[in-house]
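Down below is the structure, laid out as structure tokens.
Along the sequence shown, the residues carry numbers beginning at 1.
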Amino acid sequence: MLTEERFDPNVVTSFNANNYVVRTFTCTVSPPPRTVVISGYYNNGPRIYLVDRAMATDTVAVTCNAANTAWVFASPTGPVELTWLRCDFWASG
């Protein structure tokens, strides 16, 4: 199960080449200037910052794993399993 907070209501569901479910969440923050920050964690572990870019809108995609037991974010340092995902912002400028 994935708990998500503060994302836009329209979540896009699709399938990857292996026919695993992919859910794409959009995070929009306003009014500008603000920076999108998307974070998550697995089973109340340490919070991990997944997206931190100077944009007012950004997205994050998570894929259901092969065992159908967890949602996975493909980070540059390797896959991260998530049970919680949150859309937030930093004030810019």
On a heavy-atom basis, which atom in Thr57 and which in Val36 lie closest, and how many Å separate them? N-CG2, 3.9 Å
Name each donor-acceptor pair under 3.5 Å that joins a side chain in residues 64-72 to protein atoms two or more places apart or in another chain, with its distance.
{"residue": "Asn65", "atom": "OD1", "partner": "Asn68", "partner atom": "N", "Å": "2.9"}
{"residue": "Asn65", "atom": "OD1", "partner": "Thr69", "partner atom": "N", "Å": "2.8"}
{"residue": "Asn65", "atom": "OD1", "partner": "Ala70", "partner atom": "N", "Å": "3.2"}
{"residue": "Asn65", "atom": "ND2", "partner": "Thr69", "partner atom": "OG1", "Å": "3.1"}

Would you give me the side-chain donor-acceptor pairs under 3.5 Å for residues 1-15, sequence neighbours excluded?
{"residue": "Glu5", "atom": "OE1", "partner": "Arg86", "partner atom": "NH1", "Å": "3.4"}
{"residue": "Glu5", "atom": "OE2", "partner": "Trp84", "partner atom": "NE1", "Å": "3.2"}
{"residue": "Arg6", "atom": "NH1", "partner": "Asp88", "partner atom": "OD1", "Å": "3.2"}
{"residue": "Asp8", "atom": "OD2", "partner": "Thr28", "partner atom": "OG1", "Å": "2.8"}

Tell me which pairs pass salt bridge (charged side-chain N to carboxylate O under 4.0 Å, His left out) where either residue lies in residues 61-80, with sequence neighbours left out. none
Cluster question for you: counting only ILVMFWY and a side-chain heavy-atom cut-off of under 4.5 Å, with indirect links fine, are Ile38 and Ile48 together? yes
Starting at CG of Leu82, measure out to CG of Leu50 and round the result to the nearest 0.5 Å. 6.0 Å
Where Thr59 and Val51 come nearest, the two heavy atoms and their spacing: O-CG2, 4.1 Å
Please say yes or no: joined through hydrophobic side-chain contacts below 4.5 Å, possibly via intermediate residues, are Leu85 and Val80 part of one cluster? yes
Test of understanding: with disulfide bond (SG atoms under 2.5 Å apart), list the residues that count as partners of Cys87, not counting sequence neighbours. Cys27
Just jot down the side-chain hydrogen bond (donor to acceptor under 3.5 Å, both in side chains) partners of Ser39, sequence neighbours excluded, or say none. Arg47
Using the salt bridge (charged side-chain N to carboxylate O under 4.0 Å, His left out) rule, collect all pairs that involve residues 64-85, keeping only residues at least two apart or in two chains. none
May I ask you to test the Val37-Tyr49 pair for a side-chain heavy-atom distance under 4.5 Å? yes
Any Phe25 side-chain heavy atom under 4.5 Å of Val62 side chain: yes
Which atom of Val29 lies closest to which atom of Thr35, heavy atoms considered: CG2-C, 4.5 Å
